[in-house]
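Below: one structure, written as structure tokens.
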Amino acid sequence: MDPSSVGWIKCNTDGAYDDISGANGAGYVMRYFSNKASFCASLVFDVLSVEEAEARANWAVLKKALEQYLTHVIVESDAKTLIDQFSAGQFDGDSRTDAIFKDIHFFSSKLVSCIFSFQPRVCNSVAHDLAQ
């Protein structure tokens, strides 16, 4: 099935973390194949790194996808290391991220199809703004 066709939801995610202040945020935008936005959110979590904030953004969007009974999801993020890891089916993290990664694996396994895709920040500006 072509991911740009009917039934697929594209989810742009981003996480932000300031090493000095500890301020953080996560944001996501869910869009139908037609590019019509269906849902967006800006969230704050108790995180200690950019990687953890990025993982929380992915966690939040997949949780929302399940709550909305979605079946075909594309998660797009500028966190290349995480996206590569999730695409390869590697969901093991450090002591702060392991439970988040395991949840991401669980959530994505409940969908009919879930694709993790790297997109540069310029392609993900709305989610980046929400995370800020």
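We count residues from 1, following the sequence as given. Please read all numbers here as calculations on a predicted model, not as lab measurements.
When side chains are defined from C-beta on, D14 counts as touching E54, because their heavy atoms get closer than 4.5 Å. At a threshold of 4.5 Å between non-hydrogen side-chain atoms, the residues V75 and L62 count as touching. In this structure, S49 and R96 have side chains that are not in contact, with every pair of non-hydrogen atoms separated by 4.5 Å or more. Residues F101 and W59 have side chains not in contact (no heavy-atom distance under 4.5 Å, counting atoms from C-beta outward). Looking at L43 and Y28, their side chains come closer than 4.5 Å, going by heavy atoms from C-beta outward. Looking at heavy atoms from C-beta onward, M30 lies out of side-chain contact with N12 at the 4.5 angstrom threshold. Counting heavy atoms from C-beta outward, T13 and S77 have side chains that approach closer than 4.5 Å. Here the side chains of C11 and V29 are not in contact, with every heavy-atom distance at 4.5 Å or above.
Heavy-atom neighbours of K110 NZ from other residues, nucleotides or ligands within 6.0 Å: at or below the threshold of 12.
By the rule that hydrophobic residues join a cluster once side-chain heavy atoms approach within less than 4.5 Å of another member, L70 and Y32 end up as members of one cluster.
The two atoms that bring I104 and A55 nearest to each other are CD1-O, 3.5 Å, heavy atoms only. Nearest heavy atom pair, residue P120 against residue D78, reads C-CB, 4.1 Å. Nearest heavy atom pair, residue A53 against residue A26, reads O-CB, 4.1 Å.
To the nearest 0.5 Å, atom CD of residue E51 and atom OG1 of residue T81 are 7.5 Å apart. Here E76 contributes atom CD and R31 contributes atom CZ; the two are 8.5 Å apart, rounded to the nearest 0.5 Å. Note: H72 NE2 to S113 OG = 5.5 Å, rounded to the nearest 0.5 Å. Distance check: C114 SG to I9 CD1 gives 12.5 Å after rounding to the nearest 0.5 Å. Between the OG1 atom of T71 and the CH2 atom of W8 there is a distance of 8.5 Å, given to the nearest 0.5 Å.
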In sequence, state the C-alpha distance, the side-chain angles, and the governing distance for K63 and D103, and then conclude on salt bridge (Lys or Arg N to Asp or Glu O under 4.0 Å).
CA-CA 9 Å; K63 183 174 185 288; D103 280 352; over 6 Å; no
Verify side chain to side chain contact (heavy atoms under 4.5 Å, CB included) between K64 and F39, making sure each step is shown before the conclusion.
CA-CA 9 Å; K64 179 54 93 175; F39 196 86; 3.4 Å; yes
Applying ring pair (Phe, Tyr, Trp, His ring centres under 6.0 Å) to F106 and F91, what does each step give before you reach the verdict?
CA-CA 10 Å; F106 176 75; F91 294 93; over 10 Å; no
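Listed for the E52 side chain is a donor-acceptor partner under 3.5 Å among the backbone atoms of L48. In this structure, Q85 contributes its side chain and D92 its backbone to a donor-acceptor pair below 3.5 Å. Judged purely by atom type and a 3.5 angstrom limit, N24 has no side-chain atom pairing as donor or acceptor with the backbone of Y17. With hydrogens and angles ignored, the 3.5 Å screen pairs a side-chain donor or acceptor of S87 with a backbone N or O of F116.
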